[in-house]
There are 4 protein chains.
Amino acid sequence: MLFRIQPNNGIPIYDQVVRQVKYGVAAGAILPGELVPSVREMAKQLAINPNTVSRAYRQLQDDDVLEQVRGTGLQVAADAKKLCRMERSELVRDRFRSVLAEGRRSGLSDDELTKIFNSELKSLKREGGES
Amino acid sequence: MLFRIQPNNGIPIYDQVVRQVKYGVAAGAILPGELVPSVREMAKQLAINPNTVSRAYRQLQDDDVLEQVRGTGLQVAADAKKLCRMERSELVRDRFRSVLAEGRRSGLSDDELTKIFNSELKSLKREGGES
Amino acid sequence: MLFRIQPNNGIPIYDQVVRQVKYGVAAGAILPGELVPSVREMAKQLAINPNTVSRAYRQLQDDDVLEQVRGTGLQVAADAKKLCRMERSELVRDRFRSVLAEGRRSGLSDDELTKIFNSELKSLKREGGES
Amino acid sequence: MLFRIQPNNGIPIYDQVVRQVKYGVAAGAILPGELVPSVREMAKQLAINPNTVSRAYRQLQDDDVLEQVRGTGLQVAADAKKLCRMERSELVRDRFRSVLAEGRRSGLSDDELTKIFNSELKSLKREGGES
DNA sequence: GTGGTCTAGACCACC
DNA sequence: GTGGTCTAGACCACG
């Protein structure tokens, strides 16, 4: 599993870590029972402060995605995959809803919104390869 | 023109003011040459801090949507309408792009994304009436 | 409302802050809608680091006890009182359950446990005044 | 004598071992003069790290429950039974005191505390059989 | 080795 | 003024 951080893009670093772990679990790249990299190692890999990683891991524990094995590290919880998959869809759905609401409030018609959506999806497909 | 503010919904208040002015101009509800309410009056109307209105107006001047008429107030710039209409699309387009990028990064396929988009558009149509 | 911190008594400082706020809300000493002291002021009052207070306040937000009023501070949520009262009972109940389980596992009879409970309750009443 | 370990239940593993030995001695299941299993064997039995057993045994020696017999192993001290019986009560008493203190600090009355205690004792009796 | 806690001090956005 | 984020570095308990 590879993680990447973009500093100063508006999203807090700890939150970027949280999301990437969740996405990794949802996609099956990180399996339940597997140990995540230690706080210090992850910090070194991402070139960020251990405290920041620690905060991300703490949140992941609060969200029942990680669980502590004392003196050993943090492992992905047994039912984390199901949980992350659901959360992932909900999150994207919420963001779509908010964009659409904003778009209509600003006076754009459904046709215009759909047109924009399709053009962006196509452009993304060109850049990013197949999905 | 009527404005509505939702405090603490995540979007900064000054930004809500900026957007609503731009949307109003884009939709033709506020016409070029028209004077916007004074900082104090707008603040009273929206029950927010005058500093916040002031910041919004400053940004609208930076964005060439408003211009100062010495001793009189702020008026909508001559070419503001065209500008706002373009920006409106660009903004929505950017947000679509970011949602889509996030969705694919999280492992969702284009089909799944399109499905979510359509379901949300339909649900919005049900609630909010025609566009 | 008065807060007191005991450093190095095993309970993390941020947790002591969290509990005292919740107890204050549950007991009605802090009312819904009221602003809690600012991070910096609370830190000064308790002679601890602002970051520690910040962490406590963040948790209280996660627990829906506090909510942010942007640029103004943190206020007690509308339904925080009910929430804190319930949590308070549950917490005490859980601790009783664990003490009792431990006591019986260690071979003490119900009579012995009840005797100990009563003697401690009486001694507490002597020291601490009426409840 | 049979030991059971619950990893990650909040109580350190070495402490669980310490307590179970003490409870065993207090209840008469382990007799003074008897040899406890070697560090390695105990570790294998409980499927825990030998270091952890070692730490527990060290603490039991500090508490005068075990004593070293050079070249042979660790045996239960002559007066360990009396000692453990006393400590057992004290430990439970301390925990009652702390729960009660916490409960009253949180604003619960003595009546409420007693009610909670009784209800938990009854529920424990239902589940766990007579004491 | 592991994570958790705390302190200190800096910078930012918002009102 | 407010809280939020991040960094740096120290100390502790646990296995």
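Predicted model, so just to flag it, every value in this text is computed and none were measured. Lettering follows sequence order; numbering is per chain, from 1.
- Side-chain contact, E67(C) with Q75(C): a donor N or O sits under 3.5 Å from an acceptor N or O.
- One atom, CD1 of I5(A), and another, C1' of dT5(F), lie 14 Å apart when rounded to the nearest Å.
- As a whole-Å value, the separation of L66(A) CG from dG3(E) P is 10 Å.
- Using a cut-off of 4.0 Å between Lys/Arg side-chain N and Asp/Glu carboxylate O, D94(D) and R97(D) are scored as salt-bridged.
- Counting only residues at least two apart or in different chains, side-chain hydrogen bond (donor to acceptor under 3.5 Å, both in side chains) contacts with residues 28-44 of chain A are absent.
- One atom, CE of M42(C), and another, P of dG3(F), lie 10 Å apart when rounded to the nearest Å.
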Its contact letters, B for base, S for sugar-phosphate only and - for none at protein heavy atoms under 4.0 Å, make nucleotides 9-15 of chain E read B----BS
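- Counting any heavy atom pair closer than 4.0 Å across all strands shown, Q61(C) reaches sugar-phosphate atoms only and no base atom.
- S106(D) and R19(C) share no donor-acceptor pair across their side chains, judged by distance under 3.5 Å alone.
- Side-chain atoms of R70(A) do not come within 3.5 Å of backbone N or O of N8(D) as any donor-acceptor pair.
- Between the side chain of E102(B) and the backbone N or O of V92(A) there is no donor-acceptor pair closer than 3.5 Å.
- One can place CD1 of I48(C) at 11 Å from P of dA8(E), the figure rounded to the nearest angstrom.
- Tested against V25(D), the residues V36(D), I30(D), L83(D) include a single side chain to side chain contact (heavy atoms under 4.5 Å, CB included) partner, I30(D).
- At a threshold of 4.0 angstrom between heavy atoms, the contacts of Q75(C) with the nucleic acid are absent.
- dG3(E) atom P lies 14 Å from atom CD of E67(A), rounded to whole Å.
- The shortest distance between the side-chain N/O atoms of Q68(A) and the OP1/OP2 oxygens of dC14(F) is not below 4.0 Å.
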Each base of DNA chain F marked ( ) or [ ] if paired in-strand (Watson-Crick or G-U under 3.5 Å), | if paired to another strand and . if unpaired gives ||||||||||||||.
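- How far CG of L74(B) is from CG of L35(B): 8.0 Å, rounded to the nearest 0.5 Å.
- One can place CG of D62(A) at 16 Å from P of dG3(E), the figure rounded to the nearest angstrom.
- Distance, R58(A) CZ to dT2(E) P: 18 Å, rounded to whole Å.
- Between the side chain of Q20(A) and the backbone N or O of R4(A), at least one donor-acceptor pair lies under 3.5 Å.
- Positionally, the nearest nucleotide of DNA chain F for L74(C) lies more toward the 5' end than for the other of L74(C) and Q16(A).
- Rounded to whole angstrom, the span from the CD atom of Q59(C) across to the C1' atom of dG4(F) amounts to 16 Å.
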